[in-house]
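Lettering of chains follows the sequences in order, A, B, ..., and the numbering in each one begins at 1. Keep in mind it's a predicted model, so treat the numbers as computed, not measured. No hydrogens, no waters, no symmetry mates; every other heavy atom, side chains included, goes into these values.
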2 protein chains.
Amino acid sequence: MPRPRSRLRLADVAERAGVSLTTASRALAGRDGVREEVAERVRRISRELGYVANPHARTLAGGTASTVGLIVHQIDDPYFSEIAGGVVQVAGERNLIVQICHSGRNPRNELRQVRHLVAQRVGVIIIAGSGYVDPRMEAEAKAELSVFQDTGGRLAVIGRHFLNADAVRPDNKGGAETITGHLLSLGHRRIAVAAGDLLLSTVADRLAGVVAALERAGLSSPELPVAQAEFTRDGGRVAAERILRDHPDTTAIVALNDAMAIGVLSALRAHRVPVPHRMSVAGFDDVSFAADLAPGLTTVRLPLAEMGRQALSMALRPPAARPRRKSTGHALVVRDSTGPAPSQ
Amino acid sequence: MPRPRSRLRLADVAERAGVSLTTASRALAGRDGVREEVAERVRRISRELGYVANPHARTLAGGTASTVGLIVHQIDDPYFSEIAGGVVQVAGERNLIVQICHSGRNPRNELRQVRHLVAQRVGVIIIAGSGYVDPRMEAEAKAELSVFQDTGGRLAVIGRHFLNADAVRPDNKGGAETITGHLLSLGHRRIAVAAGDLLLSTVADRLAGVVAALERAGLSSPELPVAQAEFTRDGGRVAAERILRDHPDTTAIVALNDAMAIGVLSALRAHRVPVPHRMSVAGFDDVSFAADLAPGLTTVRLPLAEMGRQALSMALRPPAARPRRKSTGHALVVRDSTGPAPSQ
DNA sequence: AGCGCTCGCGAAAGCGCTTTCGAACGGCGG
DNA sequence: CCGCCGTTCGAAAGCGCTTTCGCGAGCGCT
């Protein structure tokens, strides 16, 4: 589909302002070497004409696009959509454009998306969501991203480890310790975990937190029942079924994210297991509607939107000598899905 | 941040293949005028070298970017993130890039985003979410979008009216009639509505459906209590408060989307109004976690992800003479938030 | 053999912008 | 009054790609 020539070029603005293309460019870019009076005139004319630069031309000439690539596992997962909300907000304020890609929790796919973004010459890449402990994939992605950084690209990651990248890191281990401690203090001793793929670093970290809390309480962790399934609502359902079957005397389930917790609650409802009287359920993330579930979900609050905002803000700051780390706080949010352990 | 020259140019591929730039370009684009044997060689070399075209150069030279712009009110609203999920999925399959913008339900902002996308030379724009009945704004946006279409851009809208655009249209009126009918059949007569901004076409359409159902049942609609507030969870809370205060004998509230329904439920819980025994609540959209609320939300199911998929697929098909319309089905989903009207 | 075709390919002209390099100008000291 | 410098601006060279135009070769035809 052939498009007619662009509607309004910088040359048009320059002509109207009675200056050269060069001067117009400099004026609008705020470069110096242009008398303030002239610059102002160019800006005014540009505004009057409604001129908007062609970003492709700009990128081609200049090197880097004013675009940020955001890689999430799945945008319709509230965890990611809330993070994305934060990213899009900051981007909007700075007139940047956000490109969204799904990695679908698939390392190969993620690599592909990274390649895509690099080919696009985006200026910033933000990767949200856990990395894979799978070393081979991780290595390939790392290689690709290092090239990206070496050529001036800015990288920030949320909730995963990555050498040389600015990182926003929720305290997964600490949060898991906190919530496990909450259950212990309610008297629970037979605790089970609904976990996602253990190769996901987030899952591994949170699980480590649960184990740490149990050990600190003097409970031997080797026998900790860990039901591994997808890190989603359906996975939570599956995990809960398995726990009910294999460890029927469990009194509390820690789901390693809210999505799984929802699945767990749903499975428990199907099995007519009263929550929290017979079984306590805890989640992690505090996605926006955790409060509205039946029953309200006790969980660990992570400032998701804020994390997205911080990631982009960090990436946008001039590159530091050493990668920045921003640890986010977490807070225990007690609602109705947890209660005292049944007195047996 | 100056970037070194691109890693690999089409010229490099052409040289290695022993053909001219022109031929290489044609070969990779699948244009004819190049012997199959030569084309195959170019493709092979390109693959071996891992060549990826610079999309900005391509756009600049060619006219249109292989990018789709998606305008949503707010990406962390499940209604939109589920739609976005569908769009991103189809885009991923076709190697397109999705750019997300927030309009924040603000007409002026939406216009700004449209301008931005047009300036970006995106090939496709998808606008999700209701339009504004505000004629002035709408007119400006229409002008902008018409230019976009005239210059070969493809436009699709979801859930709003727009001349000349392919559209995916949930049956807002019909769905609202259905759910109102459900409440009527449960014996409710004093029904109130929690509505968003009436200037939003979605709100207007759904409200019309409620009114139509009531009129068909012989109930005079002029006295229908309509509490207008933001089209969000908070708005739902506000609307519920107002309904409880001004129309204390109401037995059922129709919220015009699930977000408001959640707010309504939350307000009712705060006021200790038992749902559904004292008050039935119905929503609209069936966002993914409506089933997990307390109590499970009776609502109208819209195939949100599918709507996103359809919108992009439609926009990608070669332009038709007349704009395409795709009406989506809807289904009443009865859960626990609605029940028989209290016997007074 | 000579003519006009078609077919396959390459040279070159942009697309709209940024940036380098050099020109013009005015002010200054010598 | 001349030369030098700093400042302000413009001409032009790309950035990497697509596309128009034209050339030359090979074909069938008269």
Exercise. Would you check if R324(B) and R317(B) make a side-chain contact, meaning some heavy-atom pair closer than 4.5 Å?
Key: yes
Quiz item: Heavy atoms, side chains only, cut-off 4.5 Å: are L316(B) and V124(B) in contact?
Solution: yes
Nearest-Å distance, [atom1] ([X]) to [atom2] ([N])?
X: D12(A); N: dG16(C); atom1: CG; atom2: P; value: 9 Å
X: H56(B); N: dC15(D); atom1: NE2; atom2: C1'; value: 12 Å
X: L60(A); N: dG16(D); atom1: CG; atom2: C1'; value: 5 Å

Quiz item: Which residue lies toward the 5' end of DNA chain C, R58(A) or D32(B), if each is placed at its nearest nucleotide?
Solution: D32(B)
Quiz item: Relative to each other, are the rings of H56(A) and H56(B) parallel, tilted or perpendicular (30° and 60° limits)?
Solution: tilted
Are [X] and [N] close enough that a side-chain N or O sits under 4.0 Å from OP1 or OP2?
X: R35(A); N: dC9(D); result: yes
X: R31(B); N: dT19(D); result: yes
X: R9(B); N: dC17(D); result: no
X: Y51(B); N: dG16(D); result: no

Practice problem: Within residues 14-26 of chain B, find the residues that approach DNA chain C with a heavy atom at under 4.0 Å, and present them sorted by residue number. | Solution: V19(B), S20(B), T22(B), T23(B), R26(B)
Quiz prompt | L21(B) backbone acceptor or donor facing S25(B) side chain under 3.5 Å | solution = no
Quiz item: Does the side-chain contact (heavy atoms from CB on, under 4.5 Å) test come out yes or no for Q120(A) and T59(A), once each step is laid out?
Solution: CA-CA 10 Å; Q120(A) 281 270 333; T59(A) 301; over 6 Å; no
Quiz item: Would one find more than 12 heavy atoms of other residues, nucleotides or ligands at under 6.0 Å from atom CD of E15(A)?
Solution: no
